[in-house]
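Order of the sequence lines sets the chain letters (A, B, ...), proteins ahead of strands, with each chain counted from 1. What's counted below: heavy atoms across the whole structure, side chains too, no hydrogens, waters or symmetry copies.
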2 protein chains.
Amino acid sequence: MSGARSGSRVRDREGVERVPEGVVTIHDVAREAGVSIATVSRALAGSATVAPATAGRVRRAAAALGYEPNRAARQLVTGRGQSVGLVIPDLENPFYSSVAKGMQNRVRAAGLTAIIADTDEDVAREREVLAQLATDVDRLILASPRAADTDLLALAARSRVVLINRSLAGVPAVTGDNADGIRQALGHLLALGHTRIGYAGGPVTSWSDAERRAGLTAAVDAAHDQGRGVTIVDLGAFRPGPAGGLAAADLAISERVSAVLAFNDQLALGLLGRLAERGVAVPEAMSVVGFDDVPVARLLAPALTTVVVPAQRMGAAAVDLLLAGTPAARPEDGPGALLRVLPVELQVRRSTAQAAGRRER
Amino acid sequence: MSGARSGSRVRDREGVERVPEGVVTIHDVAREAGVSIATVSRALAGSATVAPATAGRVRRAAAALGYEPNRAARQLVTGRGQSVGLVIPDLENPFYSSVAKGMQNRVRAAGLTAIIADTDEDVAREREVLAQLATDVDRLILASPRAADTDLLALAARSRVVLINRSLAGVPAVTGDNADGIRQALGHLLALGHTRIGYAGGPVTSWSDAERRAGLTAAVDAAHDQGRGVTIVDLGAFRPGPAGGLAAADLAISERVSAVLAFNDQLALGLLGRLAERGVAVPEAMSVVGFDDVPVARLLAPALTTVVVPAQRMGAAAVDLLLAGTPAARPEDGPGALLRVLPVELQVRRSTAQAAGRRER
DNA sequence: GAGCGTTCTGAAAACGTTTAGATTCCCTCT
DNA sequence: AGAGGGAATCTAAACGTTTTCAGAACGCTC
């Protein structure tokens, strides 16, 4: 029982075209080609140190036998697997499923395998997932993680990591241009004459929300500098699902804003639903702007005015960043060093309209 | 440089709580617990032949060191991988992202890894994906595959396969109760007085659509037997995305039906959008029923009456079927042998109402 | 024709795990 | 007290690959 255990069952005197029953290993190819397994490995890896004639013979033998390298064995010895993990907070959130789709496409195009894990928007779950994933994946894409900075840095230290919608010193990341998006959205509402606008925020732990709030503040300041008065009413922080939007809607009504900027489309969806329920006409009595442009946004009645974030492209871009031979970033480069910011664009639809005069309810 | 290579850097005199820098292997745990690696392996595998006291010590050591088994190594020796692949037509379709979510949760709960692949509703792409996946996964869940029966059988011959929304002799499968769902939907519309109803079908290659059509025919026959006349107008076959619904809406209007049964919610979404655009009031002038109950269905205005298919549970059930030691099915058992049919339920919302009298347009 | 570099190939060690078979230990039974 | 038998544990082989190092074959220069 030596290493050549599988020999007898693989080859018999029938010749090359005989398809082996069991799994073909590198040893079988080596025997077929009359070389050692080391040479097979090198020939198939395209190493330059193998003679062209030999390489050809090896390749032919491999093809004839239908050899497929065993990924587990390869991974074990190289330490580097051929899969990349994607960790997302919620697969049912259409924004993230789009990200997942883009990511998965690109990964597969690169001949790799996409492993996916949903954390249910839960920190503990995320930690668990990360621990499990860390062992069999050395390349990770983390979409909007809840994890603490230190945990992420530890992770990034031993795996290649790309973040989506979060930035962290020394870790490459892809995000949408949050500040610009919110600026465009606010500009649109101002142009429509709204002066009292609610902001329905995402979770306090959300990096995107922080960015969008900062962008909002900046945009408001800029407006003031131009002599345009506007009041932003902070409606609070909501879970980024449709359910969160319900509460936000009630708040928007009682705060007497004429328009609401929602942290994301999911929230806006809930808002729209609750406003309809309460008999508040959109956009006549209340304008609503979302963020993300999830696929349903344009199908709603009224179709949702929202900031288009190229979710699929974000996923793909994250993969590119991950696979590019980017040298490990040095923390001293600052957070922006490896940040890829994708442009976003306001898509005006039916959910926004000119502000009516102040209303009493 | 022996097998215990990582020893020095892992343990120092600080004690148990010290988190190791490098990767913790079974050797480290063995040293920590004062046993051999074989015992560690057995203890963690839950083998009965290890003394409870020892097992406890090992588990504690493993936890203290944060040990996670190396999957590549395990897979190499056992031959059986610990990932299961999920092939879905479109991640952006909320129904399938729900399936994916349920599947992924269950897979991870079992300590396995979920590999995901999106085929973009494309046969060629699907074939490609399957070939790629087959090399590193021996357990697959195929959601609504387009592939030919023969290809699927070949695949099922060498991997464990569970189908979702399709049935095939000898291959275990999970589906919703399509016929019953459509029966409920039709019954609801009949109860509301509709007598001329459109059916907006899915792709002709879709197994689900075939089932639903069959169920519809049966339900219509049953109604006729009870003396209730109803005319079903086949509006055609549409791509199962919202875009398909637009065309279906125009057809529904020109065919003067008072209600439409849509193959799925995506289609219904498009329908609703287009009807609103054309000024046809839902549900006053036209009732619409969907299928699937995707998360947005209840958030639409009007909220969509639809057949609730437990998508997440389907994903989970498929995993259960896959992991259960189900003996390979024998084709002679017939297609139903390993079919797990999940009950579905009509959820009445605002998109359906009593039929108005016949209208002219 | 000896010495020496080049170019190619092979032997063998590693990767971290599972598992078969050997070994130890401690009872219990005679 | 010695043998026999289980239970618990250990030793070592195996999984299929990559890669280091050493060696073989060859051609060149002097």
Spell out protein contact along nucleotides 6-11 of chain D as letters: B when the base is contacted, S when just the sugar-phosphate is, - when no protein heavy atom is under 4.0 Å; keep the 5' to 3' order. --SBBB
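- The CG atom of L76(B) sits 17 Å away from the P atom of dA13(D) (whole-angstrom rounding).
- Separating the CD atom of Q82(A) from the C1' atom of dC15(C) is a distance of 14 Å, rounded to the nearest angstrom.
- S159(A) places no side-chain N or O within 3.5 Å of a backbone atom of V161(A) that could act as its donor or acceptor partner.
- Taking the side chain as every heavy atom from C-beta outward, D28(B) and Y67(B) never approach each other to under 4.5 Å.
- When rounded to the nearest whole Å, the span between CZ of R71(A) and P of dC15(D) equals 21 Å.
- Note on the helix from dG1(C)-dC30(D) to dT30(C)-dA1(D): angle between the axes of the first and last five pairs equals 60°, rounded to 10 degrees.
- Counting non-hydrogen atoms of neighbouring residues, nucleotides and ligands closer than 6.0 angstrom, the CZ atom of R125(A) exceeds 12 such neighbours.
- Look at D122(B) and R146(B) and you find no salt bridge, because none of the NZ, NE, NH1 or NH2 atoms lies under 4.0 Å from a carboxylate O.
- Closest approach to the I26(A) side chain among dT17(D), dT17(C), dT19(D) is made by dT17(D) (side chain taken as heavy atoms from C-beta onward).
- Applying the salt bridge (Lys or Arg N to Asp or Glu O under 4.0 Å) test to pairs two or more places apart or on separate chains, those with a residue in residues 106-116 of chain A are R106(A)-D320(A), R108(A)-E128(B).
- Side-chain contact of S98(B) with Q312(B): a donor-acceptor pair under 3.5 Å is absent, judged by distance alone.
- With E126(A) contributing its side chain and A147(A) its backbone, the two residues share a donor-acceptor pair below 3.5 Å.
- Put simply, S41(B) has a side-chain N or O that comes within less than 4.0 Å of OP1 or OP2 on dT18(C).
- Other residues, nucleotides and ligands place more than 12 heavy atoms under 6.0 Å from the CZ atom of R57(A).
- Residue H27(B) contributes atom NE2, which lies 8 Å from atom P of dT17(C) at whole-angstrom precision.
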